[in-house]
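Okay, so here's the structure we're looking at.
Heavy-atom basis, side chains included; hydrogens, waters and symmetry copies ignored. Proteins come first, then strands; the chains are lettered A, B, ... in the order of their sequence lines, and each starts at number 1.
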2 protein chains.
Amino acid sequence: MEARLRDILKEHDLKVTPVRLQVLEVLATSEVALSHHDISNRLSDDSVDKVTLYRTLHAFAERQLIHKVPSDGPNGLYAFRLSHDAHAHFICDGCERVYCTPLPEAARPVAPTLTAGFQVTTQDVRLHGYCPDCHA
Amino acid sequence: MEARLRDILKEHDLKVTPVRLQVLEVLATSEVALSHHDISNRLSDDSVDKVTLYRTLHAFAERQLIHKVPSDGPNGLYAFRLSHDAHAHFICDGCERVYCTPLPEAARPVAPTLTAGFQVTTQDVRLHGYCPDCHA
DNA sequence: CTATTGATGCAACTCAGTTGCATGGCCATT
DNA sequence: AATGGCCATGCAACTGAGTTGCATCAATAG
Ligand SMILES: [Mn+2]
Ligand SMILES: [Mn+2]
Ligand SMILES: [Zn+2]
Ligand SMILES: [Zn+2]
(Lines give C-alpha, C1' and ligand atoms only; values in the text may rest on other atoms or scores of the structure.)
(Ligands and ions follow the chains in the order given, each with its own letter.)
Protein backbone atom coordinates (compact mmCIF):
# COMPACT_ATOMS: atom_id res chain seq x y z
CA MET A 1 0.00 0.00 0.00
CA GLU A 2 2.50 2.57 1.16
CA ALA A 3 4.88 1.59 -1.63
CA ARG A 4 2.16 2.36 -4.11
CA LEU A 5 1.57 5.77 -2.56
CA ARG A 6 5.30 6.54 -2.65
CA ASP A 7 5.30 5.82 -6.37
CA ILE A 8 2.34 8.09 -7.01
CA LEU A 9 4.08 10.97 -5.27
CA LYS A 10 7.34 10.41 -7.16
CA GLU A 11 5.55 10.15 -10.49
CA HIS A 12 4.18 13.61 -9.83
CA ASP A 13 7.55 15.07 -8.83
CA LEU A 14 6.56 15.45 -5.21
CA LYS A 15 9.00 14.81 -2.42
CA VAL A 16 7.96 11.84 -0.28
CA THR A 17 7.19 12.79 3.32
CA PRO A 18 5.16 11.27 6.16
CA VAL A 19 2.54 14.00 5.97
CA ARG A 20 2.08 13.60 2.23
CA LEU A 21 1.82 9.84 2.48
CA GLN A 22 -0.89 10.12 5.11
CA VAL A 23 -2.86 12.81 3.31
CA LEU A 24 -2.66 10.93 0.04
CA GLU A 25 -3.85 7.73 1.67
CA VAL A 26 -6.84 9.49 3.18
CA LEU A 27 -7.83 11.00 -0.15
CA ALA A 28 -7.12 7.91 -2.24
CA THR A 29 -9.27 5.68 -0.07
CA SER A 30 -12.24 8.02 0.31
CA GLU A 31 -15.36 7.52 -1.74
CA VAL A 32 -16.42 11.11 -1.22
CA ALA A 33 -14.79 14.52 -1.57
CA LEU A 34 -13.25 15.75 1.68
CA SER A 35 -12.79 19.13 3.31
CA HIS A 36 -9.65 20.32 5.07
CA HIS A 37 -11.42 19.57 8.33
CA ASP A 38 -12.45 16.05 7.24
CA ILE A 39 -8.91 15.19 6.22
CA SER A 40 -7.43 16.61 9.38
CA ASN A 41 -9.73 14.40 11.43
CA ARG A 42 -8.81 11.27 9.52
CA LEU A 43 -5.06 11.67 9.83
CA SER A 44 -3.53 9.08 12.14
CA ASP A 45 -0.93 11.64 13.13
CA ASP A 46 -3.15 14.37 14.53
CA SER A 47 -0.28 16.79 15.06
CA VAL A 48 -0.18 17.95 11.45
CA ASP A 49 -0.35 21.72 11.27
CA LYS A 50 -3.34 23.17 9.43
CA VAL A 51 -1.13 25.34 7.23
CA THR A 52 0.93 22.33 6.22
CA LEU A 53 -2.26 20.54 5.27
CA TYR A 54 -3.42 23.46 3.14
CA ARG A 55 -0.06 23.61 1.41
CA THR A 56 -0.09 19.88 0.86
CA LEU A 57 -3.49 20.12 -0.79
CA HIS A 58 -2.33 22.98 -3.00
CA ALA A 59 0.75 21.01 -4.02
CA PHE A 60 -1.35 17.95 -4.85
CA ALA A 61 -3.84 20.00 -6.84
CA GLU A 62 -1.10 21.80 -8.74
CA ARG A 63 0.34 18.46 -9.81
CA GLN A 64 -3.12 17.21 -10.74
CA LEU A 65 -2.96 14.48 -8.15
CA ILE A 66 -6.24 15.69 -6.70
CA HIS A 67 -8.74 18.33 -7.76
CA LYS A 68 -10.82 20.88 -5.99
CA VAL A 69 -14.52 20.20 -6.18
CA PRO A 70 -16.97 23.09 -6.64
CA SER A 71 -19.24 22.93 -3.62
CA ASP A 72 -22.34 24.70 -2.39
CA GLY A 73 -21.08 25.08 1.14
CA PRO A 74 -18.54 27.61 2.37
CA ASN A 75 -15.48 25.40 2.46
CA GLY A 76 -13.44 23.70 -0.21
CA LEU A 77 -13.63 20.02 -1.00
CA TYR A 78 -10.91 17.87 -2.49
CA ALA A 79 -11.04 14.53 -4.26
CA PHE A 80 -8.46 12.14 -5.64
CA ARG A 81 -8.27 12.46 -9.40
CA LEU A 82 -9.20 9.19 -11.04
CA SER A 83 -9.22 10.24 -14.67
CA HIS A 84 -8.76 13.47 -16.52
CA ASP A 85 -12.00 12.93 -18.39
CA ALA A 86 -15.12 14.93 -17.84
CA HIS A 87 -16.92 13.59 -14.83
CA ALA A 88 -19.82 14.51 -12.61
CA HIS A 89 -20.19 15.47 -8.98
CA PHE A 90 -23.12 13.96 -7.20
CA ILE A 91 -24.28 16.05 -4.25
CA CYS A 92 -26.54 14.27 -1.78
CA ASP A 93 -29.24 16.63 -0.51
CA GLY A 94 -29.62 14.40 2.54
CA CYS A 95 -26.15 13.99 4.00
CA GLU A 96 -24.45 16.73 1.98
CA ARG A 97 -21.72 14.35 0.88
CA VAL A 98 -20.22 14.87 -2.55
CA TYR A 99 -19.40 11.85 -4.68
CA CYS A 100 -16.99 12.25 -7.56
CA THR A 101 -18.25 9.93 -10.27
CA PRO A 102 -17.42 9.19 -13.90
CA LEU A 103 -20.01 10.40 -16.39
CA PRO A 104 -21.11 8.15 -19.25
CA GLU A 105 -20.20 9.59 -22.65
CA ALA A 106 -23.87 9.62 -23.62
CA ALA A 107 -24.81 11.82 -20.69
CA ARG A 108 -22.31 14.55 -21.40
CA PRO A 109 -23.76 17.82 -22.54
CA VAL A 110 -22.40 18.87 -25.86
CA ALA A 111 -20.80 22.25 -25.47
CA PRO A 112 -23.63 24.36 -26.80
CA THR A 113 -23.08 27.35 -28.97
CA LEU A 114 -24.39 29.89 -26.54
CA THR A 115 -24.68 33.50 -27.39
CA ALA A 116 -22.14 34.18 -30.11
CA GLY A 117 -18.65 34.81 -28.83
CA PHE A 118 -18.64 32.42 -25.90
CA GLN A 119 -15.97 29.79 -26.39
CA VAL A 120 -16.34 26.65 -24.29
CA THR A 121 -13.23 24.67 -23.43
CA THR A 122 -14.27 22.31 -20.62
CA GLN A 123 -17.44 21.45 -18.78
CA ASP A 124 -18.62 19.56 -15.77
CA VAL A 125 -21.96 18.38 -14.51
CA ARG A 126 -23.39 18.63 -11.01
CA LEU A 127 -26.08 16.18 -10.02
CA HIS A 128 -28.28 16.75 -6.97
CA GLY A 129 -30.26 13.97 -5.38
CA TYR A 130 -30.05 11.26 -2.73
CA CYS A 131 -27.26 8.79 -2.15
CA PRO A 132 -27.89 5.12 -1.25
CA ASP A 133 -27.64 5.88 2.48
CA CYS A 134 -30.19 8.70 2.33
CA HIS A 135 -32.56 7.24 -0.22
CA ALA A 136 -36.10 7.62 1.15
CA MET B 1 -38.76 50.59 -13.53
CA GLU B 2 -39.09 50.97 -9.79
CA ALA B 3 -42.77 50.13 -9.96
CA ARG B 4 -41.85 46.87 -11.64
CA LEU B 5 -39.35 46.08 -8.88
CA ARG B 6 -41.93 46.83 -6.20
CA ASP B 7 -44.26 44.32 -7.82
CA ILE B 8 -41.60 41.64 -7.94
CA LEU B 9 -40.94 42.05 -4.23
CA LYS B 10 -44.64 41.94 -3.35
CA GLU B 11 -45.23 38.90 -5.53
CA HIS B 12 -42.62 37.11 -3.45
CA ASP B 13 -44.08 38.22 -0.13
CA LEU B 14 -41.23 40.53 0.66
CA LYS B 15 -41.74 43.85 2.35
CA VAL B 16 -40.79 46.75 0.08
CA THR B 17 -37.89 48.80 1.41
CA PRO B 18 -35.30 51.16 -0.11
CA VAL B 19 -32.47 48.69 0.44
CA ARG B 20 -34.36 45.82 -1.19
CA LEU B 21 -35.33 47.94 -4.16
CA GLN B 22 -31.73 48.94 -4.75
CA VAL B 23 -30.29 45.46 -4.31
CA LEU B 24 -32.92 43.98 -6.57
CA GLU B 25 -32.24 46.55 -9.25
CA VAL B 26 -28.53 45.81 -9.18
CA LEU B 27 -29.11 42.06 -9.52
CA ALA B 28 -31.89 42.32 -12.08
CA THR B 29 -29.84 44.47 -14.43
CA SER B 30 -26.59 42.54 -14.21
CA GLU B 31 -25.55 40.18 -16.95
CA VAL B 32 -23.20 38.33 -14.63
CA ALA B 33 -23.44 36.78 -11.17
CA LEU B 34 -22.35 39.18 -8.42
CA SER B 35 -20.61 38.79 -5.09
CA HIS B 36 -21.57 40.55 -1.89
CA HIS B 37 -18.69 42.93 -2.55
CA ASP B 38 -19.74 43.60 -6.16
CA ILE B 39 -23.28 44.43 -5.10
CA SER B 40 -22.14 46.64 -2.26
CA ASN B 41 -20.03 48.66 -4.69
CA ARG B 42 -22.89 49.13 -7.11
CA LEU B 43 -25.40 50.39 -4.59
CA SER B 44 -26.17 54.07 -5.08
CA ASP B 45 -26.67 54.35 -1.35
CA ASP B 46 -23.26 53.26 -0.13
CA SER B 47 -24.26 53.35 3.53
CA VAL B 48 -25.96 49.95 3.47
CA ASP B 49 -24.63 47.75 6.23
CA LYS B 50 -22.91 44.55 5.13
CA VAL B 51 -25.03 42.41 7.44
CA THR B 52 -28.19 43.90 6.00
CA LEU B 53 -26.95 43.05 2.53
CA TYR B 54 -26.23 39.45 3.53
CA ARG B 55 -29.67 39.14 5.08
CA THR B 56 -31.27 40.69 2.02
CA LEU B 57 -29.54 38.16 -0.21
CA HIS B 58 -30.65 35.30 2.03
CA ALA B 59 -34.22 36.56 1.98
CA PHE B 60 -34.19 36.86 -1.81
CA ALA B 61 -32.69 33.38 -2.23
CA GLU B 62 -35.19 31.85 0.18
CA ARG B 63 -38.04 33.27 -1.87
CA GLN B 64 -36.38 32.08 -5.08
CA LEU B 65 -36.02 35.62 -6.35
CA ILE B 66 -32.33 35.01 -6.87
CA HIS B 67 -30.14 31.94 -6.57
CA LYS B 68 -26.69 31.26 -5.27
CA VAL B 69 -24.26 30.25 -7.96
CA PRO B 70 -21.68 27.54 -7.24
CA SER B 71 -18.32 29.19 -7.78
CA ASP B 72 -14.69 28.16 -7.82
CA GLY B 73 -13.54 31.14 -5.82
CA PRO B 74 -13.86 31.61 -2.07
CA ASN B 75 -16.87 33.87 -2.02
CA GLY B 76 -20.49 33.37 -2.92
CA LEU B 77 -22.08 34.66 -6.10
CA TYR B 78 -25.71 35.56 -6.64
CA ALA B 79 -27.76 35.92 -9.79
CA PHE B 80 -31.29 36.98 -10.57
CA ARG B 81 -33.42 33.93 -11.30
CA LEU B 82 -34.76 34.12 -14.82
CA SER B 83 -36.43 30.74 -15.05
CA HIS B 84 -36.70 27.71 -12.82
CA ASP B 85 -35.49 25.50 -15.64
CA ALA B 86 -32.14 23.82 -15.74
CA HIS B 87 -29.56 26.28 -16.93
CA ALA B 88 -25.81 26.55 -17.22
CA HIS B 89 -23.16 28.72 -15.64
CA PHE B 90 -20.47 29.93 -17.93
CA ILE B 91 -17.24 30.73 -16.13
CA CYS B 92 -14.75 32.84 -18.07
CA ASP B 93 -11.21 31.66 -17.40
CA GLY B 94 -9.99 35.10 -18.47
CA CYS B 95 -11.93 37.61 -16.40
CA GLU B 96 -13.41 35.15 -13.89
CA ARG B 97 -16.90 36.47 -14.53
CA VAL B 98 -19.76 34.03 -14.24
CA TYR B 99 -22.62 34.25 -16.73
CA CYS B 100 -25.91 32.62 -15.90
CA THR B 101 -27.27 31.33 -19.19
CA PRO B 102 -30.17 29.18 -20.36
CA LEU B 103 -29.18 25.73 -21.59
CA PRO B 104 -30.69 24.33 -24.79
CA GLU B 105 -32.80 21.24 -24.14
CA ALA B 106 -30.58 19.23 -26.47
CA ALA B 107 -27.48 20.01 -24.43
CA ARG B 108 -28.87 18.83 -21.12
CA PRO B 109 -27.29 15.71 -19.74
CA VAL B 110 -29.83 13.01 -19.17
CA ALA B 111 -29.69 12.06 -15.52
CA PRO B 112 -27.54 8.99 -15.88
CA THR B 113 -28.17 5.85 -13.93
CA LEU B 114 -25.03 5.98 -11.88
CA THR B 115 -24.09 3.29 -9.49
CA ALA B 116 -27.30 1.70 -8.30
CA GLY B 117 -28.99 3.55 -5.48
CA PHE B 118 -28.17 7.09 -6.50
CA GLN B 119 -31.32 9.03 -7.22
CA VAL B 120 -30.92 12.20 -9.26
CA THR B 121 -33.44 14.99 -8.80
CA THR B 122 -31.88 18.07 -10.39
CA GLN B 123 -28.73 18.87 -12.31
CA ASP B 124 -26.78 21.82 -13.57
CA VAL B 125 -23.95 22.29 -15.99
CA ARG B 126 -20.83 24.38 -15.59
CA LEU B 127 -19.05 25.56 -18.69
CA HIS B 128 -15.50 26.89 -18.62
CA GLY B 129 -14.05 28.94 -21.44
CA TYR B 130 -13.67 32.51 -22.65
CA CYS B 131 -16.30 35.21 -22.84
CA PRO B 132 -16.58 37.66 -25.77
CA ASP B 133 -14.43 40.24 -23.96
CA CYS B 134 -11.62 37.79 -23.28
CA HIS B 135 -11.76 35.78 -26.45
CA ALA B 136 -8.18 35.41 -27.78
C1' DC C 1 28.05 12.31 5.35
C1' DT C 2 27.15 16.85 3.92
C1' DA C 3 24.85 20.48 1.50
C1' DT C 4 20.86 22.23 -0.74
C1' DT C 5 16.35 22.70 -1.27
C1' DG C 6 11.98 22.52 -0.04
C1' DA C 7 8.56 20.76 3.65
C1' DT C 8 6.93 21.75 8.22
C1' DG C 9 5.42 24.40 12.27
C1' DC C 10 4.09 28.52 14.61
C1' DA C 11 2.21 33.12 15.01
C1' DA C 12 -0.14 36.62 13.20
C1' DC C 13 -3.14 38.15 9.89
C1' DT C 14 -7.04 38.90 6.27
C1' DC C 15 -11.49 38.25 4.79
C1' DA C 16 -16.26 36.16 4.32
C1' DG C 17 -19.98 35.33 6.73
C1' DT C 18 -22.72 34.99 11.32
C1' DT C 19 -25.03 36.18 15.78
C1' DG C 20 -27.23 39.09 19.35
C1' DC C 21 -29.35 43.01 20.41
C1' DA C 22 -31.23 47.59 20.13
C1' DT C 23 -33.51 50.87 17.05
C1' DG C 24 -36.34 52.41 13.34
C1' DG C 25 -39.40 52.09 9.37
C1' DC C 26 -43.12 49.53 6.70
C1' DC C 27 -47.77 48.64 6.61
C1' DA C 28 -52.24 46.88 8.46
C1' DT C 29 -55.87 48.36 11.42
C1' DT C 30 -58.60 51.62 13.19
C1' DA D 1 -54.21 60.55 9.94
C1' DA D 2 -52.66 58.28 14.06
C1' DT D 3 -51.43 53.72 16.52
C1' DG D 4 -48.98 49.71 17.04
C1' DG D 5 -46.92 45.15 15.80
C1' DC D 6 -43.51 43.12 13.34
C1' DC D 7 -39.60 42.72 10.92
C1' DA D 8 -35.79 45.19 8.34
C1' DT D 9 -31.78 47.71 9.51
C1' DG D 10 -27.46 48.99 11.82
C1' DC D 11 -23.73 48.23 14.94
C1' DA D 12 -20.44 45.47 17.48
C1' DA D 13 -18.49 41.43 18.41
C1' DC D 14 -17.49 36.98 16.96
C1' DT D 15 -16.43 32.54 14.18
C1' DG D 16 -13.94 29.93 10.85
C1' DA D 17 -11.55 29.34 6.43
C1' DG D 18 -7.67 30.29 4.31
C1' DT D 19 -3.08 33.08 3.82
C1' DT D 20 1.62 35.06 4.70
C1' DG D 21 6.22 35.53 6.81
C1' DC D 22 9.74 33.51 8.91
C1' DA D 23 12.52 30.20 11.33
C1' DT D 24 13.65 25.31 11.62
C1' DC D 25 13.95 20.65 10.09
C1' DA D 26 14.00 16.78 7.03
C1' DA D 27 14.22 14.48 2.16
C1' DT D 28 17.20 13.61 -1.41
C1' DA D 29 21.29 14.59 -4.56
C1' DG D 30 26.30 14.46 -4.69
MN1 LIG E 1 -14.41 15.42 -9.30
MN1 LIG F 1 -27.71 30.42 -12.47
ZN1 LIG G 1 -26.59 11.00 1.46
ZN1 LIG H 1 -14.04 37.09 -19.70
Side-chain angles (χ1 to χ4, degrees), chain A residues 2-3 5-26 33-41 43-63 65-78 96 98, chain B residues 2-3 5-27 33-41 43-63 65-66 68-78 96 98:
Chain A
E2 192 188 295
L5 298 175
R6 296 188 103 88
D7 290 344
I8 295 178
L9 288 174
K10 285 177 188 165
E11 282 164 19
H12 289 81
D13 294 305
L14 289 163
K15 212 178 268 190
V16 177
T17 71
V19 172
R20 288 180 174 177
L21 284 170
Q22 284 181 57
V23 174
L24 181 54
E25 177 166 12
V26 168
L34 301 173
S35 68
H36 177 280
H37 189 73
D38 294 333
I39 298 167
S40 193
N41 283 338
L43 290 177
S44 45
D45 177 0
D46 58 344
S47 72
V48 177
D49 188 76
K50 67 170 178 159
V51 179
T52 300
L53 180 48
Y54 277 118
R55 291 200 266 235
T56 301
L57 293 172
H58 291 163
F60 284 6
E62 201 174 347
R63 302 304 172 86
L65 230 172
I66 64 176
H67 68 287
K68 196 172 182 189
V69 178
S71 93
D72 293 322
N75 34 11
L77 296 179
Y78 296 87
E96 304 275 285
V98 177
Chain B
E2 189 186 299
L5 298 175
R6 296 187 102 87
D7 291 343
I8 295 178
L9 288 174
K10 285 177 188 164
E11 283 164 19
H12 290 80
D13 294 307
L14 288 163
K15 211 179 270 188
V16 177
T17 70
V19 172
R20 288 180 175 176
L21 284 171
Q22 285 181 56
V23 174
L24 181 54
E25 176 165 12
V26 167
L27 283 163
L34 300 173
S35 69
H36 177 281
H37 189 73
D38 294 334
I39 298 166
S40 194
N41 284 337
L43 290 177
S44 46
D45 177 359
D46 58 344
S47 72
V48 176
D49 188 76
K50 66 172 179 158
V51 179
T52 300
L53 181 48
Y54 277 118
R55 290 199 267 234
T56 301
L57 293 172
H58 291 162
F60 284 4
E62 202 174 348
R63 302 302 170 86
L65 230 172
I66 63 177
K68 197 173 181 187
V69 178
S71 91
D72 293 323
N75 34 11
L77 296 179
Y78 295 88
E96 304 274 286
V98 177

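Using a 4.0 Å cut-off, some side-chain N or O of A:H58 falls inside it from OP1 or OP2 of D:dT19. Here B:T52 does not reach the OP1 or OP2 of D:dA8: none of its side-chain N or O atoms lies under 4.0 Å away. Between B:S35 and C:dA16 there is no side-chain polar atom (N or O) within less than 4.0 angstrom of OP1 or OP2. Residue A:T17 has no polar side-chain atom (N or O) positioned under 4.0 Å from OP1 or OP2 of D:dA26.
One interatomic measurement links the two molecules: NE2 of B:H36 to C1' of C:dC15, which rounds to 12 Å at whole-angstrom precision. Whole-Å rounding puts the B:K50 NZ to C:dT14 P distance at 14 Å. In this entry the distance linking NZ of B:K15 with P of C:dG25 reads 13 Å, nearest Å. Across the protein-nucleic acid pair, B:L53 atom CG and D:dC11 atom P stand 14 Å apart, rounded to whole Å. In this structure, B:D13 places its CG atom 17 Å from P of D:dC6, rounding to the nearest Å. The distance between atom CZ of A:F60 and atom P of C:dA7, rounded to the nearest whole Å, is 10 Å. Atoms CG (B:D49) and C1' (C:dT19) sit 13 Å apart, rounded to a whole Å.
If you find the closest nucleotide of DNA chain C to A:D45 and to B:V16, the one lying nearer the 5' end belongs to A:D45. Two residues, B:P18 and A:K68, neighbour DNA chain D, and the one matched to the more 5' nucleotide by heavy-atom proximity is B:P18. When each of A:V48 and B:Y78 is assigned the nucleotide of DNA chain C bearing its nearest heavy atom, the one mapping closer to the 5' terminus is A:V48.
Taking the side chain of B:Y54 as heavy atoms from C-beta on, and the options C:dC10, C:dT18, C:dT8, the nearest nucleotide is C:dT18. For B:R20, the listed nucleotide lying nearest its side chain is D:dT9; candidates were D:dT9, C:dG17, C:dA11.
Within 4.0 Å of A:N75, counting heavy atoms only, lie sugar-phosphate atoms of the nucleic acid but no base atom.
Applying the side-chain contact (heavy atoms from CB on, under 4.5 Å) test between A:L5 and each of A:E25, A:Q22, A:K10 identifies A:E25 as the sole match.
For the pair A:H36/A:N75, no side-chain contact is recorded, criterion being any heavy-atom separation below 4.5 Å from C-beta on.
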side-chain contact (heavy atoms from CB on, under 4.5 Å) between A:L9 and A:L65, worked out
CA-CA 8 Å; A:L9 288 174; A:L65 230 172; 4.0 Å; yes

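Remark: the backbone N or O of B:K15 is paired with a side-chain donor or acceptor of B:R20 at under 3.5 angstrom. Judged by distance alone, with hydrogens and angles left aside, the side-chain atoms of A:R63 form a donor-acceptor pair with the main-chain N or O of A:D13 at under 3.5 Å.
The base of D:dG10 is paired with the side chain of B:R55 by a donor and an acceptor separated by under 3.5 Å.
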